[in-house]
Amino acid sequence: MGDNSPFNGQDKKHHNFTIQDIHPLTAEDLSAILQVENASHSRPWSETSFRNELSNPCSTVNVLRVGNEVLGYICYHIILNELNILNLVTAPPFRRLGVARLLLDAALADGVRKKADKAFLEVRKGNRAAIFLYRSFNFQPVGCRKKFYSDGEDALVMERLLLKRF
């Protein structure tokens, strides 16, 4: 892949934050993460859910933080050759500034480094902004999970092949 790869792991600057502002979730981050989660979802993850991810050896939760401000976070699992994105959230004041793009870019680069050859995610069928973002990373719809979410909304299953660099 060339230097314009959407997940080449380079330090690209996105507004006033960079990949260096991404850090693994710690227990000290939980309060701020829960505030963002609650502001972003009608059915947010619980503190227990995040604590479970902290203790899961297959899980990575990365936080984009600038100073004391959490701009967003991503949670994903890498199992064998698959990267599965579970949660990608941008704090409401920072949406459409490249936060989710930077977090997703870093997660995909991590997947490539760890020898994953495909990435999967589920997204609400009605979440047009997220679907647009994922399509810009060449994720393609591969299925639908009927009534996947607790409110009965369907999930679109999307997949992206992760090609190794030559």
Side-chain angles (χ1 to χ4, degrees), residues 1 5-12 14 17-91 94 98-124 127 130 133-134 137-145 148-150 155-165:
M1 280 185 212
S5 165
F7 57 94
N8 63 13
Q10 291 184 2
D11 178 27
K12 294 181 182 176
H14 297 276
F17 45 88
T18 68
I19 201 162
Q20 274 87 22
D21 297 311
I22 298 174
H23 305 282
L25 176 70
T26 65
E28 292 77 36
D29 293 318
L30 283 174
S31 175
I33 292 296
L34 288 168
Q35 287 179 348
V36 173
E37 182 74 8
N38 289 325
S40 300
H41 296 294
S42 60
R43 290 174 173 80
W45 281 19
S46 67
E47 182 175 343
T48 301
S49 296
F50 283 103
R51 287 192 183 279
N52 289 341
E53 294 303 323
L54 279 171
S55 63
N56 181 342
C58 298
S59 182
T60 299
V61 182
N62 284 329
V63 179
L64 177 56
R65 179 190 287 276
V66 176
N68 292 327
E69 193 85 43
V70 170
L71 282 58
Y73 51 91
I74 189 168
C75 176
Y76 58 93
H77 293 173
I78 299 176
I79 301 172
L80 300 175
N81 67 328
E82 294 182 1
L83 182 148
N84 187 9
I85 298 165
L86 305 176
N87 200 356
L88 174 58
V89 179
T90 301
F94 301 102
V99 171
R101 182 170 294 283
L102 181 63
L103 287 163
L104 183 58
D105 188 56
L108 294 171
D110 188 36
V112 168
R113 276 191 303 278
K114 293 178 178 171
K115 310 292 188 226
D117 57 20
K118 58 183 100 171
F120 289 95
L121 58 87
E122 288 99 6
V123 60
R124 287 179 177 272
N127 191 342
L133 171 70
Y134 299 136
F137 276 84
N138 295 317
F139 278 87
Q140 300 300 318
V142 294
C144 176
R145 297 190 198 281
F148 181 76
Y149 295 100
S150 59
L156 183 63
V157 180
M158 301 184 82
E159 175 186 28
R160 155 83 205 229
L161 298 180
L162 302 177
L163 303 175
K164 309 299 186 262
R165 296 177 84 184

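Below, each value reflects all heavy atoms present in this structure, side chains not excepted, and no hydrogens, waters or symmetry copies.
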If I compare all heavy atoms of [X] with all of [Y], which pair ends up nearest, and what's the gap?
| X | Y | result |
| --- | --- | --- |
| A32 | V70 | CB-CG2, 3.6 Å |
| I78 | G111 | CD1-CA, 3.8 Å |
| T90 | S40 | O-OG, 3.7 Å |
| A130 | V123 | CB-CG2, 3.7 Å |
| I74 | L104 | CD1-CA, 4.1 Å |
| R113 | A106 | NH2-O, 4.4 Å |

Calculate, to the nearest 0.5 Å, the distance between atoms [atom1] and [atom2] belonging to [X] and [Y] respectively.
| X | Y | atom1 | atom2 | result |
| --- | --- | --- | --- | --- |
| E82 | D117 | CD | CG | 7.5 Å |
| D21 | L102 | CG | CG | 8.0 Å |
| S59 | N87 | OG | CG | 10.5 Å |
| L86 | C75 | CG | SG | 4.5 Å |
| L121 | M158 | CG | CE | 6.5 Å |
| C58 | L83 | SG | CG | 11.5 Å |

For [Y], is there any backbone N or O sitting under 3.5 Å from a side-chain donor or acceptor partner on [X]?
| X | Y | answer |
| --- | --- | --- |
| R160 | K118 | no |
| S55 | N52 | yes |
| N127 | R124 | no |

Do [X] and [Y] come within less than 4.5 Å of each other through their side chains, counting heavy atoms only?
| X | Y | result |
| --- | --- | --- |
| K115 | L80 | no |
| V157 | E159 | no |
| L108 | F139 | yes |
| L54 | V61 | no |
| N56 | H77 | yes |
| P24 | N62 | yes |

Test log, rule side chain to side chain contact (heavy atoms under 4.5 Å, CB included), inputs I85 and F120
CA-CA 6 Å; I85 298 165; F120 289 95; over 6 Å; no
Dump the intermediate steps for side chain to side chain contact (heavy atoms under 4.5 Å, CB included) on R65 and Y73, then the final yes or no.
CA-CA 9 Å; R65 179 190 287 276; Y73 51 91; over 6 Å; no
Ignoring hydrogens and angles, state whether a donor on the side chain of [X] or [Y] is under 3.5 Å from an acceptor on the partner side chain.
| X | Y | value |
| --- | --- | --- |
| D29 | T26 | yes |
| Q140 | Y134 | no |
| Y76 | D110 | yes |

Once you measure the plane-to-plane angle for F50 and W45, does it fall in the parallel (<30°), tilted (30-60°) or perpendicular (>60°) bin?
tilted
Presence of salt bridge, E47 and R51, under 4.0 angstrom:
yes
Take V63 and I33 through the side chain to side chain contact (heavy atoms under 4.5 Å, CB included) test and state the conclusion after the steps.
CA-CA 8 Å; V63 179; I33 292 296; 3.8 Å; yes
Checking side chain to side chain contact (heavy atoms under 4.5 Å, CB included) for the pair V99/R101: CA distance, chi angles, key distance, verdict?
CA-CA 5 Å; V99 171; R101 182 170 294 283; over 6 Å; no
